Amino acid sequence: MTAAGGQSSGLQDVLRGRSDGAQRVKSNMIRVFISSTFSDMSSERKALLEKAYPEVQAFCRSLGLVFEVVDLSWGIRNVPFGEHEACEISLQEIQMCKRISAGPTFVGLLGNQYGHRALPPLIPEKQFEVLLSQLSKNPEGVKQLQEWFLKDNNSVPPTYVLQPITAQFLQHSDLQPETGNLHDNDLLSWRFTESRLLQLLRSAAAQAEATGDIMAEQKQFFSSSVTEREFQEGLWKDNCEPSALLFVREIPRQRIKDGQKRLAKFMDITVDELLNAEAQELLTGLKSRLYATSRKILNLHCVELSKGSIDPKRKEHAQYLDSICQQFVSQMTTRIGAAVGPLVEGRWRKTWGSTEKDEEEVDWMVEEVRQHSAMATELSKDLHGRDGLLGKICITLWESTTVHHGPLVVHSAAGMGKTTLLCKLAQEMQGVLEARAVLVIRLLAANHPQRPNINHVLHSICLQVCLACGLTPPPLLSVSSQLELRRFFQNMLEDVSRQGNTLLIILDSLEQLADEHQAHKLHWLPTDVPPNIYLLVSMDTTSEVFANMRLKLGAAANLFEVEPLFYDEGEQVLESYLRASQRTLTRVQKDIVLQSFKNTGSPLHLKLILSAAKRWTSFTPSAELVLGTSTQEGMSRLLLKLEEKHGKELVSGALGCIVLARRGLLEAELRDVMSLDDDVICEVYRYSLPPTPSLIRLPPLLWARLKWDLKDQLEERWTEGVAVIAFNSR
């Protein structure tokens, strides 16, 4: 039986390069978001961290899985940050858990706090103006809202943007001891201001709902807590209950003598330090909904507090915490076992050869093909212009269809968009080539800083093509010499050509190949390519491999240079990018962007510029509209801003680890490494003690905030069923 026999049509699509990689290999990750308020369930979270998580992690490891917990409340006593992004960061993390976890994704811990009810960072223009109209008899309230919410005409449609706390309370986020009184005063002033703004918005929303100007859901948005929004995203949205666990704590008989101050850690308290009756009513409503809709996944515990707290030294409290840990381990491992199933499910089996080593090599190759296909599909979306160059390459390809010919070479300086061009070409060729054609693409810089070995690249390509075309696969890589692989590769091209099949092989960034086997001298690259076979490669103009390529091909070389973008092409890219981002810029801001881009004409430089410019509002001060005149300067400015916001040690430490990782880093690995970095830990806890002195770690929220600001520079990569993070440009 041929290798192609018995394959599913889906797998054949992958091997022939007709999959966008969306159907990736089965995830080997269990990534769970822990939702709770900051102080209310701290004892429970600590117990889970010390006792339950290690057991689940060991269970997952026995199944070949990675277990990762995202608890943004851990290690944070409060949120002293001046921005208003914490809720959006939490929701993004929940979405990521739902997307990549092979099993459970969400654990809700709900006690006796409803949680912080934050001001919305953005309010749509029409809705905000409806709310203002309801406050026409309260000019002071209208004025206060207009001071804190400024209209951003760069948003499409326009929105009102909540200003940073530090816009008016300068010392709010300053934890230095010398600013102690000023800091405390600003914290208190913000609490009063936030409370007043929320009262105004809720009052206006209630009136607007009564007059039919807004929906009940829109009104509820101004009253719901961050915790309830997390429950909505992780539990009820998209019917996620089968992937969730709930733990609810009730206090059945609270003694009066405990007092409200003692209960402040466990109850919602107003600015005036009184019990917040409205928040408690909303909490009762949330619990009622859980009792009515989520009983199958709900673990209910009734616990009396001791002196207003959970004391692990008390027998009944220790039993309560042990019970939660046991339930967590038991239910989590059961869910994981049921969700994951047989680990070999969906993998390639017994299609050629019969050894485990054979199957391993095929599995690796299929995953690699999917990875590169997915990246190519995503990168092709970034190409704008270049129609003329694409047309020239396509014409040259067609002209060489029926004759022997040499490889086509695309080259340019770094950052000019070679990779994006080849990815776009691959996407367009899928629509032109016949169904039996095979398209192979390898982005050799994809796993930077790791540089691929030419033997691995050739063997992977040969294995993909042979299985797609029904040819005898190559010998195992471990027993193949470089000379044997080169001969097999050349013979395979001839065999596919004799079959009458069409084959397009795209190899991007040859300069990224490792030095082994003298890969840069290109002895492995055929100069005589048979009919119906197309070989397209790219490289840096200044590289050694390009010089060797010119010597190898001589005057017959088909060279295509990717030149800098013209000014008007840059303007087209700008408009397209802003449209996709639902943003625009003022005329002055557009001129600043295009003048900065004009210095280089580099698409990579323009991408970095646009990443910064899309954050500009229509009221951003002119002094802040500064962009780098080169890619390096632009990146330096970004890093300086990140260091100013997040801390120099955290930024340099985290980004340094990502750069040095050979194949990317798990976020859990990164947090572990940062927790072992004394410089980072000293910076994080410079002005406060760790909440748990026996366990000094980086609070996960600090990394999540940095990742939020780096989302345009980082990418997610899948390797062996695990999602890692890396920079998206070397």
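All of these numbers come straight from a predicted model, not from anything done at the bench.
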**Asked** For the residue pair Ser400 and His405, what are the closest heavy atoms and their distance?
**Response** O-ND1, 3.1 Å
**Prompt:** For Arg99 and Glu716, what are the C-alpha separation, side-chain angles and deciding distance, and is it a salt bridge (charged side-chain N to carboxylate O under 4.0 Å, His left out)?
**Reply:** CA-CA 12 Å; Arg99 179 168 51 81; Glu716 180 184 286; 2.8 Å; yes
**Asked** What closest approach, in Å, do Val724 and Leu666 show between heavy atoms, and which atom pair accounts for it?
**Response** CG1-N, 3.8 Å
**Prompt:** Between the side chain of Glu378 and the main-chain N/O of Met375, is any donor-acceptor distance below 3.5 Å?
**Reply:** no
**Message:** Could you measure the distance from the CG atom of Leu610 to the CG atom of Leu574? Nearest 0.5 Å is fine.
**Reply:** 5.5 Å
**Request:** Without swapping roles, check the side chain of Asn28 against the backbone of Glu720 for a donor-acceptor pair under 3.5 Å.
**Result:** yes
**Asked** Any donor and acceptor pair, going by atom type alone, linking the side chain of Ser509 with main-chain N or O of Gln512 inside 3.5 Å?
**Response** no
**Prompt:** Quick one: do Glu715 and Arg717 make a salt bridge, cutoff under 4.0 Å?
**Reply:** yes
**Item:** Gap between atom CD of Glu361 and atom OG of Ser460 - 0.5 Å precision
**Value:** 9.5 Å
**Prompt:** Are the charged groups of Glu571 and Lys590 less than 4.0 angstrom apart, N to O?
**Reply:** no
**Asked** When you measure from the side chain of Ser538 to the backbone N and O of Val410, does any donor-acceptor pair fall under 3.5 Å?
**Response** no
**Message:** Checking Val545 against Leu513 for the side chain to side chain contact (heavy atoms under 4.5 Å, CB included) test, could you report, in this order, the C-alpha distance in whole Å, the side-chain angles of both residues, the deciding distance, and whether it holds?
**Reply:** CA-CA 10 Å; Val545 73; Leu513 286 168; over 6 Å; no
**Criterion side-chain hydrogen bond (donor to acceptor under 3.5 Å, both in side chains) against Asn154, the qualifying member of Gln589, Arg615, Arg583** = Gln589
**Shortest non-hydrogen contact between Cys466 and Pro473, atoms and distance** = CB-CA, 3.9 Å
**Asked** Roughly how far apart are Cys60 SG and Ile30 CD1, rounded to 0.5 Å?
**Response** 5.5 Å
**Fill in**
All heavy atoms of Ser27 vs all of Ala102, minimum pair found to be O-CB, 3.4 Å
**Prompt:** Which heavy atom in Gln12 sits nearest to a heavy atom in Ala468, and how many Å separate them?
**Reply:** OE1-O, 3.6 Å
**Message:** We want to know whether Thr502 and Arg436 form a side-chain donor-acceptor pair, criterion being a heavy-atom distance below 3.5 angstrom.
**Reply:** no
**Asked** Going through the distances and angles, do Leu15 and Val438 end up as a side chain to side chain contact (heavy atoms under 4.5 Å, CB included)?
**Response** CA-CA 7 Å; Leu15 295 174; Val438 179; over 6 Å; no
**Side-chain donor or acceptor of His372 paired with backbone N/O of Leu443 under 3.5 Å** = yes
**Prompt:** Thr401 and Tyr534: side-chain donor and acceptor closer than 3.5 Å?
**Reply:** yes
**Asked** Are Arg16 and Glu434 ion-paired here, with the side-chain N under 4.0 Å from a carboxylate O?
**Response** no
**Asked** Is there a side-chain contact between Phe560 and Leu421 (heavy atoms, below 4.5 Å)?
**Response** no
**Request:** Flag the pair Pro603 / Arg386 as yes when at least one side-chain heavy-atom distance between them is below 4.5 Å, and no otherwise.
**Result:** yes
**Request:** Take atom CZ of Arg487 as the centre, draw a 6.0 Å sphere, and report whether it contains more than 12 heavy atoms from other residues, nucleotides or ligands.
**Result:** no
**Asked** Does the side chain of Asn455 come under 3.5 Å of the side chain of His517 through a donor N or O and an acceptor N or O?
**Response** yes
**Prompt:** side chain to side chain contact (heavy atoms under 4.5 Å, CB included) between Glu667 and Glu68: does it pass, once the steps are laid out?
**Reply:** CA-CA 8 Å; Glu667 290 191 42; Glu68 184 176 356; 3.4 Å; yes
**Message:** Looking only at the side chains, is there a donor atom on one of Glu561 and Ser412 sitting less than 3.5 Å from an acceptor on the other?
**Reply:** no
**Asked** What closest approach, in Å, do Lys598 and Tyr567 show between heavy atoms, and which atom pair accounts for it?
**Response** CD-CD1, 4.0 Å
**Request:** Answer yes or no: is there a side-chain heavy-atom contact under 4.5 Å between Leu710 and Leu655?
**Result:** yes
**Prompt:** Heavy-atom count around Arg550 CZ within 6.0 Å, excluding the residue itself: above 12?
**Reply:** no
**Request:** Hey, could you give me the CD1/CG distance between Ile506 and Leu504, rounded to the nearest 0.5 Å?
**Result:** 4.5 Å
**Message:** I'd like to know if the side chain of Ser596 and the backbone of Val593 have a donor-acceptor N/O pair within less than 3.5 Å.
**Reply:** no
**Request:** Answer yes or no: is there a side-chain heavy-atom contact under 4.5 Å between His520 and Asp515?
**Result:** yes
**Item:** Donor-acceptor contact present, side-chain Ser611 to main-chain Lys607, <3.5 Å
**Value:** no
**Prompt:** Are Asp238 and Lys98 close enough for a salt bridge, meaning some N to O gap below 4.0 Å?
**Reply:** yes
**Asked** Are Lys707 and Glu93 close enough for a salt bridge, meaning some N to O gap below 4.0 Å?
**Response** yes
**Asked** Leu553 and side chain to side chain contact (heavy atoms under 4.5 Å, CB included): which partner among Asn548, Leu522, Leu525, Val409?
**Response** Val409
**Request:** Report yes or no: do Thr419 and Asp508 form a side-chain donor-acceptor pair below 3.5 Å?
**Result:** yes
**Asked** With a distance cut-off below 6.0 Å to the six-membered ring centre and an angular limit of 45° from the axis, does Lys614 pair with Trp616 as a cation-pi contact?
**Response** no
**Prompt:** What distance separates Glu511 CD from Leu444 CG, expressed to the nearest 0.5 Å?
**Reply:** 8.5 Å
**Item:** Intermediate values then yes/no, side chain to side chain contact (heavy atoms under 4.5 Å, CB included), Trp718 and Gln371
**Value:** CA-CA 7 Å; Trp718 282 87; Gln371 177 190 7; 5.8 Å; no
**Message:** Can you tell me how far apart CD1 (Ile658) and CZ (Phe727) are? Round to the nearest 0.5 Å.
**Reply:** 5.5 Å
**Prompt:** Taking C-beta and beyond as the side chain, do Arg442 and Glu368 meet within less than 4.5 Å on heavy atoms?
**Reply:** yes
**Asked** Does Gln572 reach the side chain of Leu565, with side-chain heavy atoms less than 4.5 Å apart?
**Response** no
**Within 6.0 Å of CD in Gln499, more than 12 heavy atoms from elsewhere** = yes
**Asked** Has Phe566 got more than 12 heavy atoms of other residues, nucleotides or ligands less than 6.0 Å from its CZ?
**Response** no
